[in-house]
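Notes follow the structure.
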2 protein chains.
Amino acid sequence: MTTGRASRRPTRQQQAVADILGQSADFASAQALHGRLREAGETVGLATVYRALQAMADAGQVDVLRTDDGEAVYRACEPGHHHHLVCRTCGRTVEVEGPAVETWTDRVAAEHGFIDVTHTLEIFGTCADCARGASAS
Amino acid sequence: MTTGRASRRPTRQQQAVADILGQSADFASAQALHGRLREAGETVGLATVYRALQAMADAGQVDVLRTDDGEAVYRACEPGHHHHLVCRTCGRTVEVEGPAVETWTDRVAAEHGFIDVTHTLEIFGTCADCARGASAS
DNA sequence: CTCAGAATGATAATCGTTGTCAACTCGGTG
DNA sequence: CACCGAGTTGACAACGATTATCATTCTGAG
Ligand SMILES: [Zn+2]
Ligand SMILES: [Zn+2]
Ligand SMILES: [Zn+2]
Ligand SMILES: [Zn+2]
(Lines give C-alpha, C1' and ligand atoms only; values in the text may rest on other atoms or scores of the structure.)
(Ligands and ions follow the chains in the order given, each with its own letter.)
Protein backbone atom coordinates (compact mmCIF):
# COMPACT_ATOMS: atom_id res chain seq x y z
CA MET A 1 0.00 0.00 0.00
CA THR A 2 1.58 3.28 -1.18
CA THR A 3 2.88 4.86 1.98
CA GLY A 4 1.28 2.78 4.68
CA ARG A 5 0.56 4.16 8.15
CA ALA A 6 4.23 4.50 8.94
CA SER A 7 5.32 7.85 10.35
CA ARG A 8 5.89 10.41 7.63
CA ARG A 9 9.37 11.67 6.92
CA PRO A 10 10.02 14.64 9.15
CA THR A 11 9.94 18.07 7.59
CA ARG A 12 12.93 20.37 7.65
CA GLN A 13 11.46 22.23 10.61
CA GLN A 14 10.66 19.13 12.60
CA GLN A 15 14.16 17.86 11.96
CA ALA A 16 15.62 21.17 13.10
CA VAL A 17 13.75 20.99 16.39
CA ALA A 18 14.81 17.41 16.89
CA ASP A 19 18.42 18.35 16.16
CA ILE A 20 18.55 21.29 18.53
CA LEU A 21 17.06 19.09 21.21
CA GLY A 22 19.64 16.42 20.61
CA GLN A 23 22.44 18.93 20.98
CA SER A 24 21.47 20.36 24.34
CA ALA A 25 21.93 18.09 27.33
CA ASP A 26 19.64 20.09 29.59
CA PHE A 27 15.98 20.88 29.77
CA ALA A 28 15.02 23.93 27.75
CA SER A 29 11.81 25.86 27.18
CA ALA A 30 10.10 26.03 23.82
CA GLN A 31 10.97 29.68 23.51
CA ALA A 32 14.62 29.10 24.36
CA LEU A 33 14.82 26.40 21.73
CA HIS A 34 13.15 28.68 19.23
CA GLY A 35 15.73 31.35 20.02
CA ARG A 36 18.58 28.98 19.49
CA LEU A 37 17.18 27.89 16.17
CA ARG A 38 17.01 31.50 15.12
CA GLU A 39 20.62 32.07 16.13
CA ALA A 40 21.63 28.97 14.22
CA GLY A 41 20.12 30.46 11.09
CA GLU A 42 17.18 28.08 10.95
CA THR A 43 13.92 29.79 10.18
CA VAL A 44 11.24 28.01 12.16
CA GLY A 45 8.07 29.58 13.43
CA LEU A 46 7.43 29.55 17.15
CA ALA A 47 4.11 27.80 16.67
CA THR A 48 5.85 25.07 14.74
CA VAL A 49 8.37 24.60 17.53
CA TYR A 50 5.49 24.12 19.95
CA ARG A 51 3.81 21.68 17.60
CA ALA A 52 6.97 19.67 17.04
CA LEU A 53 7.70 19.48 20.75
CA GLN A 54 4.17 18.41 21.50
CA ALA A 55 4.31 15.69 18.86
CA MET A 56 7.64 14.40 20.12
CA ALA A 57 6.37 14.45 23.68
CA ASP A 58 3.30 12.47 22.66
CA ALA A 59 5.54 10.00 20.88
CA GLY A 60 7.63 9.61 24.02
CA GLN A 61 10.73 10.92 22.29
CA VAL A 62 11.23 13.80 24.71
CA ASP A 63 10.55 14.28 28.39
CA VAL A 64 8.59 17.28 29.57
CA LEU A 65 8.51 18.78 33.00
CA ARG A 66 7.38 22.06 34.50
CA THR A 67 9.55 24.59 36.23
CA ASP A 68 8.44 26.14 39.49
CA ASP A 69 6.80 28.97 37.61
CA GLY A 70 4.84 26.67 35.36
CA GLU A 71 6.95 26.89 32.22
CA ALA A 72 7.26 23.66 30.25
CA VAL A 73 10.78 22.50 29.51
CA TYR A 74 11.82 19.72 27.15
CA ARG A 75 14.73 17.34 26.85
CA ALA A 76 15.69 14.53 24.50
CA CYS A 77 16.08 11.57 26.81
CA GLU A 78 16.89 7.92 26.62
CA PRO A 79 13.80 5.87 25.92
CA GLY A 80 12.12 4.16 28.81
CA HIS A 81 10.86 5.30 32.15
CA HIS A 82 13.32 7.25 34.27
CA HIS A 83 13.64 10.35 36.40
CA HIS A 84 15.91 13.37 36.53
CA LEU A 85 18.43 14.95 38.83
CA VAL A 86 18.61 18.62 37.85
CA CYS A 87 20.93 21.39 39.01
CA ARG A 88 18.71 24.33 39.81
CA THR A 89 21.53 26.75 39.03
CA CYS A 90 23.06 25.63 35.73
CA GLY A 91 20.46 23.11 34.61
CA ARG A 92 22.82 20.17 34.34
CA THR A 93 20.66 17.09 34.13
CA VAL A 94 21.33 13.46 34.98
CA GLU A 95 18.93 10.67 34.19
CA VAL A 96 18.40 8.32 37.10
CA GLU A 97 16.53 5.08 37.54
CA GLY A 98 15.13 3.70 40.75
CA PRO A 99 13.42 0.35 40.52
CA ALA A 100 12.74 0.48 44.24
CA VAL A 101 10.80 3.70 43.82
CA GLU A 102 8.75 2.22 41.02
CA THR A 103 7.64 -0.71 43.13
CA TRP A 104 7.06 1.50 46.14
CA THR A 105 4.72 3.86 44.30
CA ASP A 106 2.79 0.96 42.81
CA ARG A 107 2.47 -0.73 46.17
CA VAL A 108 1.33 2.43 47.96
CA ALA A 109 -1.24 3.13 45.27
CA ALA A 110 -2.51 -0.44 45.38
CA GLU A 111 -2.86 -0.31 49.16
CA HIS A 112 -5.28 2.57 48.71
CA GLY A 113 -7.22 0.84 45.96
CA PHE A 114 -5.88 2.96 43.11
CA ILE A 115 -5.31 1.46 39.66
CA ASP A 116 -3.80 2.66 36.42
CA VAL A 117 -1.01 4.33 38.35
CA THR A 118 1.62 6.73 37.10
CA HIS A 119 3.93 9.06 38.93
CA THR A 120 6.28 12.00 38.59
CA LEU A 121 9.56 12.28 40.46
CA GLU A 122 12.25 14.88 39.97
CA ILE A 123 15.23 15.68 42.13
CA PHE A 124 16.64 19.21 42.34
CA GLY A 125 19.90 20.33 43.83
CA THR A 126 23.10 22.24 43.27
CA CYS A 127 25.77 20.40 41.34
CA ALA A 128 29.37 20.24 42.50
CA ASP A 129 30.56 22.83 39.98
CA CYS A 130 27.90 25.35 40.92
CA ALA A 131 28.43 24.76 44.64
CA ARG A 132 32.12 25.52 44.24
CA GLY A 133 31.57 28.58 42.09
CA ALA A 134 28.88 30.14 44.23
CA SER A 135 30.60 29.64 47.57
CA ALA A 136 32.50 32.96 47.42
CA SER A 137 29.92 35.45 46.17
CA MET B 1 8.59 47.75 70.34
CA THR B 2 4.86 48.17 69.98
CA THR B 3 3.78 44.95 68.31
CA GLY B 4 6.92 42.82 68.15
CA ARG B 5 7.83 40.50 65.29
CA ALA B 6 5.10 37.99 66.05
CA SER B 7 2.83 37.06 63.13
CA ARG B 8 -0.01 39.51 62.74
CA ARG B 9 -3.58 38.48 63.33
CA PRO B 10 -5.03 37.30 60.01
CA THR B 11 -7.44 39.59 58.23
CA ARG B 12 -10.97 38.58 57.41
CA GLN B 13 -9.93 37.79 53.85
CA GLN B 14 -6.92 35.72 54.81
CA GLN B 15 -9.06 33.80 57.27
CA ALA B 16 -11.67 33.18 54.60
CA VAL B 17 -9.08 31.70 52.26
CA ALA B 18 -7.68 29.55 55.04
CA ASP B 19 -11.18 28.34 55.91
CA ILE B 20 -12.16 27.41 52.38
CA LEU B 21 -8.89 25.53 52.04
CA GLY B 22 -9.52 23.68 55.25
CA GLN B 23 -12.94 22.58 54.03
CA SER B 24 -11.89 21.02 50.75
CA ALA B 25 -9.96 17.78 50.95
CA ASP B 26 -8.63 17.99 47.39
CA PHE B 27 -6.26 20.20 45.49
CA ALA B 28 -7.96 23.26 44.03
CA SER B 29 -6.85 26.14 41.85
CA ALA B 30 -6.77 29.71 43.05
CA GLN B 31 -9.62 30.64 40.74
CA ALA B 32 -11.74 27.72 41.89
CA LEU B 33 -11.22 28.73 45.50
CA HIS B 34 -12.08 32.30 44.63
CA GLY B 35 -15.27 31.10 43.00
CA ARG B 36 -16.24 29.09 46.05
CA LEU B 37 -15.67 32.08 48.30
CA ARG B 38 -17.95 34.12 46.08
CA GLU B 39 -20.64 31.48 46.27
CA ALA B 40 -20.25 31.37 50.04
CA GLY B 41 -21.00 35.07 50.15
CA GLU B 42 -17.48 36.09 51.09
CA THR B 43 -16.25 39.09 49.15
CA VAL B 44 -12.57 38.57 48.53
CA GLY B 45 -10.65 39.90 45.56
CA LEU B 46 -8.95 37.43 43.27
CA ALA B 47 -5.60 39.13 43.78
CA THR B 48 -6.00 38.73 47.52
CA VAL B 49 -6.71 35.04 47.12
CA TYR B 50 -3.49 34.68 45.17
CA ARG B 51 -1.59 36.64 47.79
CA ALA B 52 -3.01 34.64 50.67
CA LEU B 53 -2.24 31.35 48.97
CA GLN B 54 1.29 32.44 48.21
CA ALA B 55 1.84 33.51 51.80
CA MET B 56 0.49 30.24 53.14
CA ALA B 57 2.60 28.30 50.69
CA ASP B 58 5.71 30.19 51.76
CA ALA B 59 4.82 29.48 55.37
CA GLY B 60 4.52 25.80 54.57
CA GLN B 61 0.86 25.72 55.56
CA VAL B 62 -0.34 24.54 52.16
CA ASP B 63 1.12 22.30 49.49
CA VAL B 64 1.27 23.49 45.91
CA LEU B 65 1.60 21.43 42.80
CA ARG B 66 1.08 21.97 39.13
CA THR B 67 -1.43 20.20 36.95
CA ASP B 68 -0.41 18.86 33.57
CA ASP B 69 -1.40 22.10 31.95
CA GLY B 70 0.64 24.23 34.32
CA GLU B 71 -2.10 25.45 36.61
CA ALA B 72 -1.14 25.77 40.26
CA VAL B 73 -3.38 23.91 42.72
CA TYR B 74 -3.38 24.22 46.48
CA ARG B 75 -4.27 22.02 49.40
CA ALA B 76 -4.18 22.39 53.17
CA CYS B 77 -1.99 19.51 54.27
CA GLU B 78 -0.55 18.07 57.40
CA PRO B 79 2.68 19.77 58.32
CA GLY B 80 5.91 18.06 57.40
CA HIS B 81 7.31 16.60 54.23
CA HIS B 82 5.07 14.15 52.41
CA HIS B 83 3.76 13.27 48.98
CA HIS B 84 0.36 12.76 47.39
CA LEU B 85 -1.64 10.02 45.80
CA VAL B 86 -4.23 11.73 43.63
CA CYS B 87 -7.19 10.31 41.70
CA ARG B 88 -6.99 11.82 38.25
CA THR B 89 -10.74 11.49 37.82
CA CYS B 90 -12.33 12.79 41.02
CA GLY B 91 -9.34 14.45 42.63
CA ARG B 92 -9.43 12.44 45.83
CA THR B 93 -6.10 12.95 47.54
CA VAL B 94 -4.22 10.83 50.05
CA GLU B 95 -1.09 12.00 51.79
CA VAL B 96 1.65 9.39 51.78
CA GLU B 97 5.07 9.19 53.35
CA GLY B 98 7.99 7.16 52.12
CA PRO B 99 11.13 7.32 54.22
CA ALA B 100 12.82 4.94 51.83
CA VAL B 101 12.23 7.34 48.94
CA GLU B 102 13.65 10.22 50.91
CA THR B 103 16.89 8.42 51.61
CA TRP B 104 17.07 7.13 48.05
CA THR B 105 16.79 10.59 46.48
CA ASP B 106 19.39 11.99 48.85
CA ARG B 107 21.75 9.15 48.16
CA VAL B 108 21.39 9.37 44.39
CA ALA B 109 21.96 13.13 44.49
CA ALA B 110 25.01 12.73 46.72
CA GLU B 111 26.48 10.12 44.40
CA HIS B 112 26.45 12.72 41.66
CA GLY B 113 27.92 15.44 43.85
CA PHE B 114 24.72 17.42 44.25
CA ILE B 115 23.99 19.27 47.49
CA ASP B 116 21.04 21.20 48.89
CA VAL B 117 18.69 18.58 47.49
CA THR B 118 14.92 18.67 47.25
CA HIS B 119 12.50 16.62 45.24
CA THR B 120 8.96 16.38 44.02
CA LEU B 121 7.02 13.13 43.86
CA GLU B 122 3.36 12.70 43.09
CA ILE B 123 1.41 9.56 42.31
CA PHE B 124 -1.61 9.62 40.02
CA GLY B 125 -4.17 6.92 39.47
CA THR B 126 -7.83 6.05 39.45
CA CYS B 127 -9.37 5.46 42.85
CA ALA B 128 -11.53 2.44 43.60
CA ASP B 129 -14.79 4.41 43.46
CA CYS B 130 -14.00 5.96 40.09
CA ALA B 131 -12.79 2.65 38.67
CA ARG B 132 -16.09 1.04 39.65
CA GLY B 133 -18.20 3.89 38.33
CA ALA B 134 -16.43 4.25 35.01
CA SER B 135 -16.26 0.57 34.15
CA ALA B 136 -19.68 0.52 32.48
CA SER B 137 -19.80 3.74 30.47
C1' DC C 1 1.95 18.77 -14.24
C1' DT C 2 -1.98 18.95 -11.11
C1' DC C 3 -4.50 18.53 -7.21
C1' DA C 4 -5.65 17.22 -2.34
C1' DG C 5 -4.05 17.03 2.04
C1' DA C 6 -0.68 18.16 5.46
C1' DA C 7 2.44 21.53 7.42
C1' DT C 8 3.88 26.13 8.23
C1' DG C 9 4.06 30.71 10.41
C1' DA C 10 2.51 35.48 11.31
C1' DT C 11 -0.79 37.00 14.11
C1' DA C 12 -4.65 37.20 17.30
C1' DA C 13 -6.78 35.20 21.15
C1' DT C 14 -6.71 32.79 25.58
C1' DC C 15 -5.82 32.33 30.28
C1' DG C 16 -3.37 31.96 34.65
C1' DT C 17 -0.80 34.93 37.19
C1' DT C 18 1.43 39.21 38.74
C1' DG C 19 1.96 44.35 39.02
C1' DT C 20 -0.15 48.88 40.01
C1' DC C 21 -2.03 52.16 42.89
C1' DA C 22 -5.75 54.60 45.12
C1' DA C 23 -8.87 53.46 48.77
C1' DC C 24 -9.35 51.21 53.07
C1' DT C 25 -8.41 49.12 57.76
C1' DC C 26 -6.74 49.25 62.24
C1' DG C 27 -3.90 49.96 66.24
C1' DG C 28 -1.51 53.35 68.50
C1' DT C 29 -1.02 58.62 69.77
C1' DG C 30 -1.95 63.13 71.20
C1' DC D 1 -12.27 61.52 69.52
C1' DA D 2 -9.39 63.06 65.51
C1' DC D 3 -5.27 61.87 63.40
C1' DC D 4 -1.46 59.22 61.55
C1' DG D 5 1.13 55.54 59.16
C1' DA D 6 2.05 50.92 57.99
C1' DG D 7 0.03 47.19 56.09
C1' DT D 8 -3.87 45.24 53.26
C1' DT D 9 -7.23 45.19 49.79
C1' DG D 10 -9.27 44.89 45.14
C1' DA D 11 -10.45 46.57 40.52
C1' DC D 12 -7.99 46.69 36.70
C1' DA D 13 -4.03 46.68 33.57
C1' DA D 14 -0.05 44.25 32.20
C1' DC D 15 2.48 40.18 31.36
C1' DG D 16 4.01 35.84 29.41
C1' DA D 17 3.44 31.20 27.96
C1' DT D 18 0.62 28.59 25.17
C1' DT D 19 -2.99 27.76 21.71
C1' DA D 20 -6.17 28.87 17.89
C1' DT D 21 -6.75 30.84 13.41
C1' DC D 22 -6.23 30.80 8.63
C1' DA D 23 -4.08 32.12 4.37
C1' DT D 24 0.04 30.47 2.23
C1' DT D 25 3.40 26.92 1.11
C1' DC D 26 5.03 22.38 0.64
C1' DT D 27 4.70 17.45 -0.65
C1' DG D 28 3.99 13.52 -2.97
C1' DA D 29 0.76 10.44 -5.50
C1' DG D 30 -1.50 9.90 -9.83
ZN1 LIG E 1 25.10 23.17 38.17
ZN1 LIG F 1 9.44 6.22 38.06
ZN1 LIG G 1 -11.59 9.01 42.29
ZN1 LIG H 1 9.84 13.24 49.76
Side-chain angles (χ1 to χ4, degrees), chain A residues 1-21 27-59 61-75 91, chain B residues 1-21 27-59 61-75 91:
Chain A
M1 74 290 286
T2 61
T3 59
R5 86 285 309 285
S7 60
R8 205 164 301 276
R9 176 159 58 94
T11 67
R12 170 181 61 84
Q13 292 90 340
Q14 289 164 353
Q15 189 59 53
V17 173
D19 287 349
I20 207 80
L21 265 176
F27 281 92
S29 71
Q31 315 225 26
L33 292 168
H34 177 244
R36 271 191 248 174
L37 284 172
R38 279 303 197 62
E39 291 174 7
E42 293 282 351
T43 69
V44 181
L46 179 58
T48 301
V49 173
Y50 274 105
R51 279 188 288 246
L53 289 171
Q54 211 163 48
M56 296 177 77
D58 290 348
Q61 296 164 15
V62 302
D63 280 3
V64 190
L65 61 84
R66 298 229 168 228
T67 64
D68 279 345
D69 54 319
E71 194 177 7
V73 287
Y74 305 82
R75 180 178 192 270
Chain B
M1 74 293 283
T2 60
T3 59
R5 89 285 309 282
S7 62
R8 208 162 297 277
R9 177 158 56 94
T11 66
R12 169 182 64 81
Q13 292 91 338
Q14 289 163 354
Q15 188 60 53
V17 173
D19 287 349
I20 207 81
L21 264 176
F27 281 91
S29 72
Q31 315 223 30
L33 292 168
H34 178 244
R36 270 190 249 173
L37 284 172
R38 278 303 195 63
E39 290 175 8
E42 293 283 350
T43 69
V44 181
L46 178 58
T48 301
V49 173
Y50 273 105
R51 279 188 289 245
L53 289 171
Q54 214 164 43
M56 297 177 78
D58 290 348
Q61 296 165 15
V62 303
D63 281 2
V64 190
L65 60 85
R66 297 223 170 233
T67 64
D68 278 346
D69 54 320
E71 195 176 6
V73 286
Y74 305 81
R75 180 177 191 270

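The structure presented is a predicted model; accordingly, all values stated were derived computationally and were not measured. Every chain is numbered from 1 and lettered A, B, ... according to where its sequence line falls, protein lines coming before strand lines.
For the pair B:E71 CD and C:dT18 P, the interatomic distance rounds to 12 Å; values are reported in whole Å. Here the C1' atom of nucleotide C:dT25 and the CD atom of B:Q15 are 17 Å apart, to the nearest Å. With rounding to whole Å, B:R38 atom CZ is found 7 Å from D:dA11 atom P. The distance between atom CG of A:D68 and atom C1' of D:dG16, rounded to the nearest whole Å, is 17 Å. At whole-Å resolution of the value, CZ in B:R9 and P in C:dT25 are 14 Å apart. One atom, CG of A:D69, and another, P of C:dG19, lie 12 Å apart when rounded to the nearest Å. Whole-Å rounding puts the B:Q31 CD to C:dT18 P distance at 11 Å.
What you find for A:A16 and A:V44 is that their closest heavy atoms are CB-CG2, 4.3 Å. Closest non-hydrogen pair, A:S29 versus A:V73, comes out as N-CG1, 3.7 Å.
Taking CD of A:Q13 as the reference point, atom CG of A:L37 lies at 10.0 Å (rounded to 0.5 Å). Atom CD of B:Q61 and atom CG of B:L21 lie 10.0 Å apart (nearest 0.5 Å).
Taking the side chain as every heavy atom from C-beta outward, B:Y74 and B:D63 never approach each other to under 4.5 Å. With contacts defined as side-chain heavy-atom distances shorter than 4.5 Å, the pair A:Q31/A:L46 qualifies. Counting heavy atoms from C-beta outward, B:E42 and B:R36 have side chains that stay 4.5 Å or more apart.
Applying the 4.0 Å criterion to OP1 and OP2 of C:dT17, one finds that B:Q54 has every side-chain N and O outside that range. The shortest distance between the side-chain N/O atoms of A:Y50 and the OP1/OP2 oxygens of D:dT19 is not below 4.0 Å.
Of the candidates B:Q54, B:H34, B:Q14, B:V49 forms a side-chain contact (heavy atoms from CB on, under 4.5 Å) with just one, namely B:H34.
For the helix from C:dC1-D:dG30 to C:dG30-D:dC1, the terminal axes (five pairs an end, C1' atoms, rotation from four pairs onto the next four) enclose an angle of 0°, given to 10 degrees.
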Scan nucleotides 6-9 of chain C against the protein and return all N/O pairs shorter than 3.5 Å with their distances rounded to 0.1 Å.
unit_1 : atom_1 : unit_2 : atom_2 : d
C:dT8  : OP1    : A:T11  : OG1    : 2.4
C:dT8  : O3'    : A:Q13  : NE2    : 3.1
C:dG9  : OP1    : A:Q13  : NE2    : 3.2
C:dG9  : OP1    : A:T43  : O      : 3.2
C:dG9  : OP2    : A:G45  : N      : 2.9
C:dG9  : OP2    : A:T48  : OG1    : 3.0
C:dG9  : N7     : A:R51  : NH2    : 2.4
C:dG9  : O6     : A:R51  : NH1    : 3.4

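Enclosure of atom CG in B:D19 by more than 12 non-hydrogen atoms of other residues, nucleotides or ligands within 6.0 angstrom is indicated.
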